[in-house]
Number of protein chains: 2
Amino acid sequence: MNYKEFESCGLKRSLDLLSGKWKPLILYHLFQEKEIRFIELWRKMPRVSKKVLLEQLQQMQEHHIIERIEIKGFPPQVHYRLHDDTEPLGPALQILEGWGKNR
Amino acid sequence: MNYKEFESCGLKRSLDLLSGKWKPLILYHLFQEKEIRFIELWRKMPRVSKKVLLEQLQQMQEHHIIERIEIKGFPPQVHYRLHDDTEPLGPALQILEGWGKNR
């Protein structure tokens, strides 16, 4: 395997995109809730600042893992949901969730 | 979700254990080869020192993700293979591999 193949290893790319301190938790909640307000998501997360949570969400948006939805109103609301491309990961993340619980 | 629940989130635990610079690659090769000599695995990896590869393998052994097999002989050989507990991850890693390829 040369460096180019290494860079294109799908498994490495996936795990790079999905792992980190907060991303697994964000995914976990979004798979459960389908769509969630920013403030509710923040309340579900332990000990993370709104700033850090927003940064993580922005990265996941850029990678088309999640979508940001702005709902007009007074005040306007910001919701997040999984990107359609992320839905096929459901069965994989469920297996990982079960496997991780016993560790 | 309080901090205790956060710590026990299976998805977070799994992604923590499987991600990193070299672990996805090691898994990728071990799922393909079933059992592999250390030196062959090292040759398949791009630009990693034997020392770093060994450290990664030791961590994965401690977490019961892989097994180290010593085959007596002259010289003795060291092989690695997946731990039985890791086999159920096959379908999940396959989904992640496919998903990551398109990113």
Side-chain angles (χ1 to χ4, degrees), chain A residues 1-33 36 40-48 60 62-65 82-103, chain B residues 1-33 36 40-48 60 62-65 82-103:
Chain A
M1 179 182 261
N2 62 33
Y3 204 75
K4 210 179 144 211
E5 286 166 332
F6 164 62
E7 281 296 318
S8 68
C9 173
L11 183 59
K12 174 159 168 48
R13 179 88 181 127
S14 292
L15 291 171
D16 281 352
L17 289 174
L18 303 176
S19 63
K21 185 148 186 192
W22 302 111
K23 288 175 187 170
L25 266 287
I26 295 170
L27 283 169
Y28 178 83
H29 290 304
L30 286 184
F31 266 101
Q32 283 190 331
E33 306 276 332
I36 193 166
E40 282 170 38
L41 178 61
W42 177 71
R43 282 194 197 116
K44 283 178 182 288
M45 309 286 290
R47 295 188 203 175
V48 60
M60 292 172 86
E62 282 162 23
H63 295 132
H64 304 289
I65 296 167
L82 294 175
H83 194 286
D84 286 349
D85 293 354
T86 313
E87 296 283 354
L89 289 186
L93 300 187
Q94 207 167 1
I95 292 170
L96 290 169
E97 160 72 12
W99 184 80
K101 272 210 184 308
N102 307 317
R103 312 244 134 203
Chain B
M1 179 183 260
N2 62 34
Y3 205 75
K4 211 180 143 211
E5 285 165 333
F6 164 64
E7 281 297 317
S8 68
C9 173
L11 182 60
K12 174 159 169 50
R13 180 86 181 128
S14 291
L15 291 171
D16 282 353
L17 289 173
L18 304 176
S19 63
K21 184 148 188 191
W22 302 110
K23 289 175 187 170
L25 266 289
I26 295 170
L27 281 170
Y28 179 82
H29 290 303
L30 285 185
F31 266 101
Q32 283 190 330
E33 306 276 334
I36 193 166
E40 282 170 36
L41 178 61
W42 177 72
R43 283 194 195 115
K44 283 177 182 286
M45 309 287 290
R47 298 187 201 176
V48 59
M60 292 172 87
E62 281 163 24
H63 295 132
H64 304 291
I65 296 168
L82 295 174
H83 194 286
D84 286 349
D85 293 354
T86 312
E87 295 284 354
L89 288 186
L93 299 187
Q94 209 167 356
I95 292 171
L96 290 169
E97 160 72 12
W99 183 80
K101 271 208 184 308
N102 306 318
R103 310 245 136 203

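Residue numbers begin at 1 in each chain, while the letters A, B, ... track the order of the sequences.
- Of all heavy-atom pairs between B/L11 and A/E97, the closest is N-OE1, 2.8 Å.
- Under the ring pair (Phe, Tyr, Trp, His ring centres under 6.0 Å) criterion, the residue pairs touching residues 83-103 of chain A are A/H64-A/H83, with sequence neighbours excluded.
- Heavy atoms of A/L17 lying under 4.5 Å from chain B belong exclusively to its side chain.
- Under a cut-off of 6.0 angstrom, the local environment of CD in B/E40 is crowded, with over 12 non-hydrogen atoms contributed by other residues, nucleotides or ligands.
- The two atoms that bring A/L96 and B/A92 nearest to each other are CG-CB, 4.4 Å, heavy atoms only.
- Contacts of A/N102 with chain B are absent, with no heavy-atom separation under 4.5 Å from either backbone or side chain.
- Residues that satisfy the salt bridge (charged side-chain N to carboxylate O under 4.0 Å, His left out) test with B/E33, not counting sequence neighbours, are B/K44.
- For B/K12 against A/P24, the heavy-atom pair with the smallest separation is CA-CB, 3.6 Å.
- Between B/P88 and A/I95 the shortest heavy-atom distance is O-CG2, 3.7 Å.
- Minimum heavy-atom separation, B/L18 to A/L15: O-CD1, 3.8 Å.
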